[in-house]
Amino acid sequence: MIVGDLFSGIGGFSLAAYWMGWRTAWFSEIDPYANRVLSHHWPDVPNHGDICAIDWATVEPVDVLTGGFPCQPHSLAGMRAGSNDERDLFDEIIRCAGVLRPRFIVLENVPGLFTSDAGRFFGRVLGALASLGYDAEWRVLSAADVGAPHKRERVWIVAYTDISRLEGRRQRWPDTGRCGADGHVGPSGVGSRGQWEVEPNVGRVVDGLPARMDRLRCLGNSIVPACAVEIFRTIDYMISQEDA
């Protein structure tokens with residue numbers, strides 16, 4: 001499988017793809033520190049830079065389009081300006097997908113996405129995917145669900161163009177919400193949470209480490225690669241069922 005990595009950060013999605021034996025075709029990232037990390041670990045993978053300036057007709061098509069799009073407009077820790085936040089770049093994902101037409105789209109964001117703009121933003125996400133002919137499913141996965149001793153709950157959305165791929169593999173993606181390209185919206189599911197003790201009283205800001213702030217910021221913005229692997233395994237299973 002070939003992956004296109006939007007909002008790449010330090011490469012969390014691409015690390016998961018590497019663990020799967022998949023290939024990342026390109027990145028789209030503008031943060032200077034994150035770009036140094038990407039060029040160090042993936043020196044042969046081109047970085048197309050600013051998502052708003054990319055001519056997608058000139059970019060290699062991919063099987064899986066990934067994106068942990070900016071969470072600041074939706075995070076409970078922020079102002080929650082939603083669609084009115086200048087950092088809202090969701091439409092750029094749709095612009096990319098409309099040209100490249102990947103088989104799968106995998107998106108990640110904070111749980112506040114469900115209630116952003118009084119729930120209208122999440123409806124906008126599903127509606128935009130449906131307008132391109134994609135069905136979508138979603139659930140909340142936390143780092144604890146994949147064995148880490150902390151929560152870091154995130155919304156994961158998987159969109160695809162062929163509903164038949166779902167048959168016979170529900171056990172790998174339980175408790176989902178679902179929205180078809182026909183506009184039907186099913187129950188919004190929240191996945192089971194792990195029973196780990198989570199670290200209490202960890203502050204959101206780390207002071208006194210100026211040489212490490214770039215690293216900490218990029219880690220804070222990164223996805224959990226082990227969660228992405230679980231989703232990629234589900235996609236792999238879907239494809240194997242289709243081939244069978």
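Bear in mind that the values here come from a model prediction, so they are computed numbers and not experimental data.
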Practice task
Before giving the answer on side-chain contact (heavy atoms from CB on, under 4.5 Å), spell out for W22 and I235 the whole-Å C-alpha distance, their side-chain angles and the decisive distance to 0.1 Å.
Solution key: CA-CA 12 Å; W22 297 358; I235 289 174; 4.2 Å; yes
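- T161 and R103 share no side-chain donor-acceptor pair at under 3.5 Å.
- Classification of the F69-F121 ring pair by plane angle, with boundaries at 30° and 60°, yields parallel.
- Pairs engaging residues 26-55 under the salt bridge (charged side-chain N to carboxylate O under 4.0 Å, His left out) rule: D31-R217 [sequence neighbours left out].
- Nearest heavy atoms, G49 versus S28: O-OG, 2.7 Å.
- Interatomic distance, SG of C52 versus CZ of R95, reported as 7.0 Å (0.5 Å rounding).
- Atoms CG and CG, on L100 and L65 in that order, are 7.0 Å from each other to the nearest 0.5 Å.
- At least one side-chain heavy atom of L107 sits less than 4.5 Å from a side-chain heavy atom of F90.
- In this structure, the side chain of S116 does not engage the main chain of G112 through any donor-acceptor pair within 3.5 Å.
- Taking the side chain as every heavy atom from C-beta outward, N221 and F7 never approach each other to under 4.5 Å.
- Put simply, the side chain of D63 reaches to within 4.5 Å of the side chain of I2, judged on heavy atoms.
- Residues V146 and V224 form a side-chain contact, since some pair of their non-hydrogen atoms from C-beta on lies under 4.5 Å apart.
- V37 belongs to a hydrophobic cluster whose remaining members, ordered by chain and number, are I10, Y33, L219; membership requires side-chain heavy atoms of ILVMFWY residues under 4.5 Å apart, directly or through intermediates.
- Side chains of T24 and D5: a donor-acceptor N/O pair is absent below 3.5 angstrom, by distance only.
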Query - Worked check of side-chain contact (heavy atoms from CB on, under 4.5 Å) between V140 and F114 - result: CA-CA 10 Å; V140 173; F114 287 136; 3.8 Å; yes
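- Side-chain contact check for V106 versus V64: some heavy-atom pair is nearer than 4.5 Å.
- In summary, D145 and K151 do not engage in a salt bridge, as defined by a charged side-chain N under 4.0 Å from a carboxylate O.
- The distance from the CH2 atom of W42 to the OG atom of S14 is 5.0 Å, given to the nearest 0.5 Å.
- Between W26 and N47, the closest side-chain pair of non-hydrogen atoms is not below 4.5 Å.
- When all heavy atoms are compared, the tightest approach of G98 to R101 is O-CD, 3.6 Å.
- Here the shortest heavy-atom pairing between A57 and V99 reads N-CG1, 3.8 Å.
- A perpendicular orientation is assigned to the rings of F13 and W156, their planes being inclined by more than 60° (bins at 30° and 60°).
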- Task: Go through E108 and V155 one step at a time and tell me if the side-chain contact (heavy atoms from CB on, under 4.5 Å) criterion holds.
- Result: CA-CA 6 Å; E108 181 260 15; V155 178; over 6 Å; no
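- The shortest non-hydrogen separation linking I223 to P225 is O-CD, 3.2 Å.
- Minimum heavy-atom separation, S83 to D88: CA-OD2, 3.7 Å.
- From R154, atom CZ reaches atom OG of S142 across 10.0 Å, with rounding to the nearest 0.5 Å.
- No path of Ile, Leu, Val, Met, Phe, Trp and Tyr side chains, each step under 4.5 Å between heavy atoms, connects L6 with V110, placing them in separate hydrophobic clusters.
- In this pair, H48 and W56 present their aromatic rings perpendicular. The plane angle is above 60°, beyond the 30 to 60° band.
- You'll find the ring centres of F232 and W19 outside the 6.0 Å limit.
- Of the inter-residue distances, the one linking L132 atom CG with I93 atom CD1 reads 11.5 Å to the nearest 0.5 angstrom.
- Side-chain atoms of M20 and M1, non-hydrogen and from C-beta on, never get closer than 4.5 Å to each other.
- Once rounded to the nearest 0.5 Å, the distance linking CZ of R124 with CD1 of I94 reads 9.0 Å.
- Checked against side-chain hydrogen bond (donor to acceptor under 3.5 Å, both in side chains), R23 has the following partners two or more places apart in sequence or in another chain: E60.
- Considering only heavy atoms from C-beta on, L38 comes within 4.5 Å of S8 through its side chain.
- Contact record, G9 with A34: O-CB, 3.3 Å, taken as the closest heavy-atom pair.
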